[in-house]
Amino acid sequence: MWANLPRVLALVVRGFALTLAVLTAVVVIRTVTFPSYQTSPPECKVTDPDFIPADEERLARFTSAIQFQTVSYERGVGTPQELAKFVQFIQKSFPTVHSSPMVRRDVVGNYSLLYRVEGSDASLQPYMLASHLDVVPITEEANWEAPPFSGQVKDGYIYGRGTIDTKHTLMGSLEALEFLLSSGHQPKRTLYLAFGHDEETHGHFGAKVISKVLQQRGEEIVFILDEGTMVVDDFFPGVSKPVALVSVSEKGSLVVKLKVQAEGGHGSMPTKESAIGILARAAKKLEDNPHPNMFGTGPEARMLEYVATEMTLPYRMLSSNLWLFSPLVGLLLSQTPQGNAYARTTTALTRFTAGNKDNVISPEAEVIVDHRIHPMQTAEEVLEFDRMVINDARVVLDVKDSSSVFPPSPISPHGKDSPTYAVLQKTIQQIFPDALVTPTFMVANTDTRHYWNLSSAIYRFSPCAMSVADLKRIHGVNERISIKAYEKVINFYYHLISNMDEPLDVQHHGHTDGL
Ligand SMILES: [Zn+2]
């Protein structure tokens with residue numbers, strides 16, 4: 001038997017070399033032949049006769065919109081008077097929209113707005129453009145370069161709370177509609193505009209009610225576009241062009257409560273283990289054992305594949321061969337908190353409660369864990385994983401309460417076989433001709449959480465170009481948008497509405513999605 005060893009070894013080495021050669025060949029061939037997912041439709045130009053400029057009047061309407069302090073503080077606690085004034089302002093600012101016989105406007109849930117623009121072809125399914133009227137509160141007011149509700153223009157930028165989240169999409173879509181209706185155009189396809197008034201506090205009194213109204217009308221919406229991810233510079237390593245990120249899903253959330261009850265007593269004669277000690281160990285286990293890396297199983301993999309052909313070589317090779325490199329890319333991604341949020345269900349220990357006296361051993365301890373669920377996982381799987389990791393019967397683990405579970409959203413169709421994604425991609429590339437369009441998911445939630453019953457094609461995308469550095473201004477200090485960027489927002493909606501007059505059809509490239 002031992003006499004055969006050299007032969008066996010030689011066979012193993014040869015087999016290994018052969019496998020390596022085949023793998024290398026496949027990797028090289030795929031890298032070279034990987035299909036492009038990008039298109040180049042006719043560009044929207046400033047010189048086009050129907051280009052909508054952000055002239056003085058439109059700019060004034062936008063800066064005025066920023067001055068309404070439509071802040072949402074917490075569920076059910078907002079600024080009703082400001083909302084009412086803002087709604088009046090909108091009515092006054094867009095006279096054609098508000099007087100056209102084609103438009104029906106309903107005020108829903110006291111302040112939210114729902115517009116129905118009647119299309120000329122009743123056989124076409126309607127679509128919906130969503131935004132919201134409210135904004136988040138101001139933080140660090142002293143550090144703002146312009147007062148946060150001034151709408152002041154400085155160096156080509158409009159400053160103020162809501163400029164990016166999301167009065168630009170709200171006012172931009174209304175400007176486009178006003179322009180269209182003023183020029184005597186009736187859209188072929190019926191269009192809804194839906195503006196909730198409490199998105200920042202989960203939309204229970206706005207979007208949720210809008211959704212009910214539409215459901216009662218029996219509406220099936222062909223697609224919904226709401227605020228969301230944007231056109232971002234320097235987002236991917238190895239990609240020099242800006243990337244338009246279209247979110248086709250949203251992460252879910254799950255708040256878990258861990259509780260331990262143990263013997264209490266006096267601090268002078270402690271038992272071997274305390275409730276605090278047992279719970280602290282369990283909590284640390286959760287932190288040390290993250291949920292499985294899901295990279296490659298959901299839309300986050302498409303995010304790289306759709307830009308693969310535009311990447312520099314090493315990145316291009318990795319992104320066009322995720323069948324092989326998913327684990328490696330997932331590992332690389334998980335090295336930063338931002339990347340990790342795309343790679344897996346995240347675990348954040350957010351609150352620890354125990355004890356109330358220096359010399360008394362607390363008989364119980366509680367910790368709250370905030371999970372954001374990856375689109376390819378379920379809340380049940382997350383709970384089960386936590387139990388397995390903790391593996392201690394003394395730790396009682398439960399969903400905090402009925403409002404603490406929110407599953408990941410269904411994944412909307414994307415890619416070349418999806419006509420709704422295609423019309424969005426076309427419009428984006430008309431307005432942002434340099435940009436690459438790619439699907440992703442959101443780690444935060446939007447009003448679309450209330451719209452799942454209306455449409456299976458829900459996209460979260462704000463037609464606005466931003467640098468990565470500027471992203472932190474959203475919900476932060478010095479939120480701003482450039483005049484040029486706002487102009488693009490208006491023209492994006494104009495082109496989208498125009499494109500929706502054409503039949504919704506898939507692009508035929510003879511290539512099926514789902515590599
Ligand atoms: Zn928002």
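Numbering of ligands and ligand atoms starts at 1, following listing order.
- Among the atoms of D165, an N, O or S atom is found under 2.8 Å from the Zn ion (ligand 1).
- In E227, the N, O or S atom that comes nearest to the Zn ion (ligand 1) is OE1.
- Among residue pairs with one or both ends in residues 52-75, those qualifying as salt bridge (charged side-chain N to carboxylate O under 4.0 Å, His left out) are D55-R58, E57-R61, R58-E175, R61-E175; sequence neighbours excluded.
- The aromatic ring centroids of Y486 and H168 lie 6.0 Å or more from each other.
- The side-chain hydrogen bond (donor to acceptor under 3.5 Å, both in side chains) search around H197 returns S112, not counting sequence neighbours.
- Nearest N, O or S atom of H132 to the Zn ion (ligand 1): atom NE2.
- Remark: the backbone N or O of T96 is paired with a side-chain donor or acceptor of E178 at under 3.5 angstrom.
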